[in-house]
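Everything on this sheet refers to the single structure shown next.
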Amino acid sequence: LLYDMMQGVLMTQKKPDWLSKYGFSEKTDISRKIEELQKEAIRYDQFERLLYATEIPLEEAIAYTLEWLGFENVAHYKDDPNNPDVTFEYDGVRALLEAEGTTKAGPKDKISQLSTWVQKELSQGIEASKLTGFFAVNHFRDLEPSERADPLTPHAKEFLRYFRYTYFTTPFLFDLVKR
């Protein structure tokens, strides 16, 4: 372990610009393979975030996964309080999504926020039949998915029923990817 740590420190030392003339093509090939494998690993990291993340990392993971699943026009509005967390389209219907990562059951607050976004879209002239709302919840995210309790509070369920929105859990989305 100590040897590996020392090698890691030595690898961070700045190399002179002229060293590229003396490089090994084999090392370049290895570096390219490592970079490809790291990109591949990042995809799996995105999927795994669905099980434990919150806020922007969770939203990014949801957007990445929806795009990977083949949904169209997926957009993540990180750091933009004037839009839903994620939007996407399927079969001509625009979906607005609010996400919540919590150590409890999913609350009604995000569903109320989702209603604001839907009303904004409707007032901009989008047909109600071409619009839908989703609440994605990573409930009890500090627990293993098999040990998690009900994903929604009773109030959240009533808000979903009233507004006729749909919800899904991010562990469900993770399982979908695994299948």
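Side-chain atoms are counted along with the backbone in the values below, which use heavy atoms only and exclude waters and symmetry mates. Quick caveat, the model's predicted, so the values are computed rather than measured.
- Within the structure, no pair that satisfies the salt bridge (charged side-chain N to carboxylate O under 4.0 Å, His left out) test touches residues 169-179, not counting sequence neighbours.
- Linking ILVMFWY side-chain heavy atoms closer than 4.5 Å, directly or via other members, places F135 and F174 in two distinct hydrophobic clusters.
- Cluster annotation: L114 is connected to Y167 through the hydrophobic network of ILVMFWY side chains, with a link wherever side-chain heavy atoms come within less than 4.5 Å.
- Applying the ring pair (Phe, Tyr, Trp, His ring centres under 6.0 Å) rule to pairs touching residues 86-105 yields F71-F88, F71-Y90, F88-F134, sequence neighbours excluded.
- The side chain to side chain contact (heavy atoms under 4.5 Å, CB included) test applied to I30 returns I34, not counting sequence neighbours.
- Residues W68 and R43 are in side-chain contact: their nearest non-hydrogen atoms beyond the backbone lie under 4.5 Å apart.
- Here the closest heavy-atom approach between residue A156 and residue I111 is recorded as O-CD1, 3.4 Å.
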**OP:** Before giving the answer on side chain to side chain contact (heavy atoms under 4.5 Å, CB included), spell out for T87 and N73 the whole-Å C-alpha distance, their side-chain angles and the decisive distance to 0.1 Å.
**Re:** CA-CA 8 Å; T87 60; N73 300 319; over 6 Å; no
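- For residues 116-127, the set of pairs meeting the salt bridge (charged side-chain N to carboxylate O under 4.0 Å, His left out) definition, not counting sequence neighbours, comprises R94-E121.
- To the nearest 0.5 Å, atom CD of residue E67 and atom CD of residue Q46 are 10.5 Å apart.
- The two residues H139 and G106 have their closest heavy-atom pair at CB-N, 4.5 Å.
- Other residues sharing the hydrophobic cluster of F140, ordered by chain and number and joined by side-chain separations under 4.5 Å: L143.
- With sequence neighbours excluded, the residues forming a side chain to side chain contact (heavy atoms under 4.5 Å, CB included) with P145 are L51, R148, P171, listed by chain and number.
- L37 and I42 are not part of a single hydrophobic cluster, where members link through side-chain heavy atoms under 4.5 Å apart.
- No donor-acceptor distance shorter than 3.5 angstrom exists from the side chain of E55 to the backbone of G101, with no hydrogens or angles considered.
- Taking CD of E147 as the start and CG of D142 as the end, the distance is 10.0 Å to the nearest 0.5 Å.
- Distance check, rounded to the nearest 0.5 Å: CZ of R141 to CZ of R49 gives 13.0 Å.
- Among residues at least two apart or in separate chains, ring pair (Phe, Tyr, Trp, His ring centres under 6.0 Å) pairs with a member in residues 143-163 are F163-Y165.
- A donor-acceptor contact shorter than 3.5 Å is absent between the side chain of N138 and the backbone of T170.
- Summarising the local packing, CG of D17 is surrounded by 12 or fewer heavy atoms from other residues, nucleotides or ligands at distances under 6.0 Å.
- Of the inter-residue distances, the one linking L96 atom CG with T132 atom OG1 reads 8.0 Å to the nearest 0.5 angstrom.
- Of all non-hydrogen atoms in K78 and E59, the two that sit nearest each other are CA-OE1, 4.5 Å.
- Residues satisfying the ring pair (Phe, Tyr, Trp, His ring centres under 6.0 Å) criterion with Y77, sequence neighbours excluded, are absent altogether.
- With no hydrogens or angles considered, no side-chain donor-acceptor pair links E60 and H76 at under 3.5 Å.
- Shown here for A63 and V74, the closest heavy-atom pair between the two residues is O-CG1, 3.4 Å.
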Original post:
Are E35 and K39 close enough, and set up right, to give a salt bridge (Lys or Arg N to Asp or Glu O under 4.0 Å), and what steps lead you there?
Top reply: CA-CA 6 Å; E35 187 177 329; K39 286 180 182 177; 3.8 Å; yes
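- The side chain to side chain contact (heavy atoms under 4.5 Å, CB included) check on S31 picks up K27, with sequence neighbours excluded.
- When the side chains of ILVMFWY residues are joined at heavy-atom separations under 4.5 Å, either directly or via intervening members, F172 and L69 end up in a single hydrophobic cluster.
- Side-chain atoms of E36 and R32, non-hydrogen and from C-beta on, do get closer than 4.5 Å to each other.
- Residues passing the ring pair (Phe, Tyr, Trp, His ring centres under 6.0 Å) test with Y52, sequence neighbours excluded: none.
- Listed by chain and residue number, D150, L152, R161 satisfy the side chain to side chain contact (heavy atoms under 4.5 Å, CB included) test with K157 (two or more places apart in sequence, or in another chain).
- Minimum interatomic distance between P81 and D79 (heavy atoms only, all atoms of both residues): CD-O, 3.6 Å.
- Across all non-hydrogen atoms, the minimal contact from A99 to D85 is N-OD2, 2.8 Å.
- In this structure, NZ on K130 lies 8.0 Å from CG on D91, to the nearest 0.5 angstrom.
- The hydrophobic clustering, which links ILVMFWY residues whose side-chain heavy atoms are closer than 4.5 Å, places Y64 and L176 together.
- To the nearest 0.5 Å, atoms CG (L173) and CZ (F47) are separated by 9.0 Å.
- Residue W18 belongs to a hydrophobic cluster whose other members are L19, Y22, with links defined by side-chain heavy atoms closer than 4.5 Å.
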